[in-house]
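Step one of this worksheet: look at the structure below.
As a basis for the values below, the full set of heavy atoms in this structure was taken, side chains included, without hydrogen atoms, waters or symmetry mates. Keep in mind it's a predicted model, so treat the numbers as computed, not measured.
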Amino acid sequence: MSKKGDMLYAWTNDAEIQKKAELGGAVTALWKHALDNKIVDAVFVVTKGYDLYDAVPVVITDSKDLAKTAGSLHCGTLLMAKLVKKYLDGAKDKKIGVTVKGCDAMGFYELAKRKQINLDNVIMIGVNCGGSVSPVLARKMIKEKYDVDPDKVHKEEIDKGQFIIEYEGGHKGISVDELEEAGFGRRPNCRRCKMKIPRQADLACGNWGVIGPKAGKATFVEVCSEKGAALLDGAVKKGILATEAANPKGLEIRGKVEGAMFKLADKWRKHDFEGLGDGKDRLKKIMNETSRCIKCYQCIDVCPICYCVDCTTKNPAMVPPGELPVNFMFHLIRYSHIADSCVNCGQCEEVCAAEIPNALIMHAQQVELEKMFGHTPGVNMELPLMAYVEEKEERARLNNTGSDMIYQNVFNPVAKK
Ligand code: SF4
Ligand code: SF4
């Protein structure tokens, strides 16, 4: 019997999954087991759409369809949590299995706190994530840095610090550092991300730390909850999955990879946050950047923290309608509502037609608030600093001292101390 904290190597015994899946097919096998034994009603995962740069979310109810979802898509930048809330009724009365990367898992917790997702009905299998690449930039990068037609690429992966592509006639890898120095590589929010192994999921899976004869043939699995342990044990009992204890040396290597990722994230945080300036300079920079906003609401629509039906930014008394450039209050309202809980998923930046670095601005504020109040979003069910404030209280606060307090603390490091 496995238990929370166990570290294992896992692989499938299912011949069909073995043919298609990577790393021993453990994740696909776990979902097959969950579907076939009615542990979940559906599995919600990402699959390749039109091409490699097109990640499409799919709901799978028949395990025969799982094969086409095998493998990772680094050029897909979807966030699963908001989609479960929007299109699967927040798993209110259906049991859903979801494969999640770190920011997905964080989004699930933030929406669950706000009662928009029923986590009791969700099983999360987390996968290690070193970062994703924006699809538009990926195409440009492959053309310019790899000198390869992006349409000829049929596979990509990030391995040992390289972004590797396979295309008709060969394969090529370039170090992620080199790509990022040249303005390509991972999305800016991914560079700053420290949620590399999503341990708030029920199982945390990946290839880091799989060494020896099992390298490339098994998945590293960390058991993170009793629910995860039960899923794993059930799959082993049914014979679809085999496990063995992880090699201690592999465990050490996994820790080192994660540690190196943290250091890199710190480097990027310093770089990006310093670029935003401090105090009044930061405020000026943010006002300048956001002055391009066309108030299309896309950033609000995709954000896993935004869930209000009556959004305050649509209140004419707060933000005069039809005014361009948009009143800065529009952005101040967003900051005051969600900066404490931003999970740095990058969605708001990805969709912004005005190319405003929304995620950077919000993440910089979140990190400051975390330093002040010690609250880390997305890791557990601990309540956020401001999410449960009643709408009328929030309005009063914005009209009185609350927004000033947020302004002082976040934009003015002197007032913070
Ligand atoms: S997505 Fe960009 S342009 Fe649209 S409302 Fe948000 S910040 Fe403004
Ligand atoms: S503000 Fe942007 S980066 Fe932060 S959680 Fe919302 S969409 Fe993600």
Side-chain angles (χ1 to χ4, degrees), residues 16-17 19-23 25 27-28 31 42-88 96-101 103-104 107 125 127 129-159 162-174 176 179 183-190 296 298-299 301-302 304 345-353 355 359:
E16 281 311 300
I17 299 176
K19 270 188 230 157
K20 304 237 169 158
E22 294 172 356
L23 306 172
V27 174
T28 310
W31 287 144
V43 167
F44 190 45
V45 283
V46 168
T47 190
K48 190 164 91 174
Y50 177 73
D51 59 21
L52 206 63
Y53 315 96
D54 181 30
V56 177
V58 281
V59 174
I60 291 184
T61 51
D62 184 338
S63 64
K64 285 192 201 80
D65 297 331
L66 280 170
K68 62 183 174 215
T69 70
S72 52
L73 281 172
H74 290 96
C75 304
T77 55
L78 299 170
L79 195 81
M80 305 303 266
K82 191 76 185 257
L83 298 177
V84 167
K85 175 204 153 21
K86 265 173 111 172
Y87 301 110
L88 299 176
I96 315 274
V98 200
T99 306
V100 294
K101 52 196 183 315
C103 53
D104 292 317
I125 297 186
V127 286
C129 178
S132 55
V133 183
S134 170
V136 174
L137 201 67
R139 292 185 73 95
K140 194 166 182 269
M141 172 176 88
I142 289 168
K143 203 164 176 217
E144 290 181 17
K145 291 290 290 180
Y146 292 74
D147 200 19
V148 171
D149 178 351
D151 289 325
K152 300 265 160 60
V153 178
H154 54 80
K155 193 173 184 304
E156 52 72 23
E157 61 175 325
I158 296 181
D159 191 30
Q162 289 204 323
F163 185 81
I164 302 163
I165 56 167
E166 283 180 23
Y167 50 95
E168 290 165 27
H171 70 276
K172 213 181 252 188
I174 299 180
V176 172
L179 293 169
F184 295 110
R186 299 167 301 158
R187 295 189 296 157
N189 61 301
C190 297
C296 65
Q298 287 303 304
C299 51
D301 198 44
V302 290
C345 65
Q347 296 292 310
C348 54
E349 201 162 308
E350 196 76 18
V351 297
C352 181
E355 298 193 352

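- Between V133 and A138 the shortest heavy-atom distance is CG1-CB, 3.7 Å.
- For the pair F163/E157, no side-chain contact is recorded, criterion being any heavy-atom separation below 4.5 Å from C-beta on.
- If you take NZ on K82 and CG on L79, they are separated by 9.0 Å, rounding to the nearest 0.5 Å.
- Every residue two or more places apart in sequence or in another chain that forms a side chain to side chain donor-acceptor pair (under 3.5 Å) with K19 is listed here: E16.
- Between D301 and K86 there is a salt bridge, since a side-chain N of the basic residue sits under 4.0 Å from a carboxylate O of the acidic one.
- Looking at K152 and P150, their side chains never come closer than 4.5 Å, going by heavy atoms from C-beta outward.
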Go through it in stages, so that I can follow the logic: the residues are V46 and L73, the test is side chain to side chain contact (heavy atoms under 4.5 Å, CB included), and I'd like the CA-CA distance, side-chain angles, deciding distance and then a yes or no. CA-CA 8 Å; V46 168; L73 281 172; 3.9 Å; yes
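- One finds the CD atom of E350 at 4.0 Å from the OG1 atom of T77 (value rounded to the nearest 0.5 Å).
- Using a 4.5 Å heavy-atom cutoff, the side chains of V27 and T99 are in contact.
- More than 12 heavy atoms of other residues, nucleotides or ligands sit less than 6.0 Å from atom NE2 of H154.
- Remark: C75 SG to K48 NZ distance equals 11.0 Å, nearest 0.5 Å.
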I'd like to know whether V98 forms a side chain to side chain contact (heavy atoms under 4.5 Å, CB included) with V45, so could you lay out the CA-CA distance, the side-chain angles of the two residues, the decisive distance to 0.1 Å, and finally the verdict. CA-CA 6 Å; V98 200; V45 283; over 6 Å; no
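- Checking S134 against R187 by side-chain atom types alone, no donor-acceptor pair falls below 3.5 Å.
- The distance from atom OG1 of T28 to atom CG of L66, rounded to the nearest 0.5 Å, is 6.5 Å.
- Atom NZ of K143 has 12 or fewer heavy atoms from other residues, nucleotides or ligands within 6.0 Å.
- P304 and G107 make their closest contact through CB-CA, 4.1 Å (heavy atoms, listed as atom of the first residue, atom of the second, distance).
- Heavy-atom neighbours of D147 CG from other residues, nucleotides or ligands within 6.0 Å: at or below the threshold of 12.
- Closest approach of K101 to L78, counting heavy atoms only: NZ-O, 2.8 Å.
- Residues I158 and Q162 fail the side-chain proximity criterion, which asks for heavy atoms closer than 4.5 Å.
- In this structure, the side chains of L88 and L83 stay at 4.5 Å or more apart for every pair of heavy atoms.
- Taking Q298 as the reference, nothing meets the side chain to side chain donor-acceptor pair (under 3.5 Å) condition, with sequence neighbours excluded.
- E156 contributes atom CD, which lies 9.5 Å from atom OH of Y146 (distance to the nearest 0.5 angstrom).
- Electrostatic pairing of R139 and D51 counts as a salt bridge here, judged by a charged N lying under 4.0 Å from a carboxylate O.
- The shortest distance between side-chain heavy atoms of R186 and V176 falls below 4.5 Å.
- By the side chain to side chain donor-acceptor pair (under 3.5 Å) test, E166 pairs with no residue at all, sequence neighbours left out.
- Summarising the geometry of G131 relative to C190, their closest heavy-atom pair is CA-CB, 3.7 Å, with the distance given to 0.1 Å.
- The main-chain N or O of I60 is never found under 3.5 Å from a side-chain atom of D65 such that the two would form a donor-acceptor pair.
- Rounding to the nearest 0.5 Å places OH of Y167 at 11.5 Å from CG of D149.
- When all heavy atoms are compared, the tightest approach of A42 to V59 is CB-CG1, 3.7 Å.
- Within the 3.5 Å criterion, the main-chain N or O of A359 finds no donor-acceptor partner in the side chain of N189.
- Using a 4.5 Å cut-off on side-chain heavy atoms (C-beta onward), D54 and P135 make no contact.
- Side chains of C299 and C352 form no contact here, defined as non-hydrogen atoms less than 4.5 Å apart.
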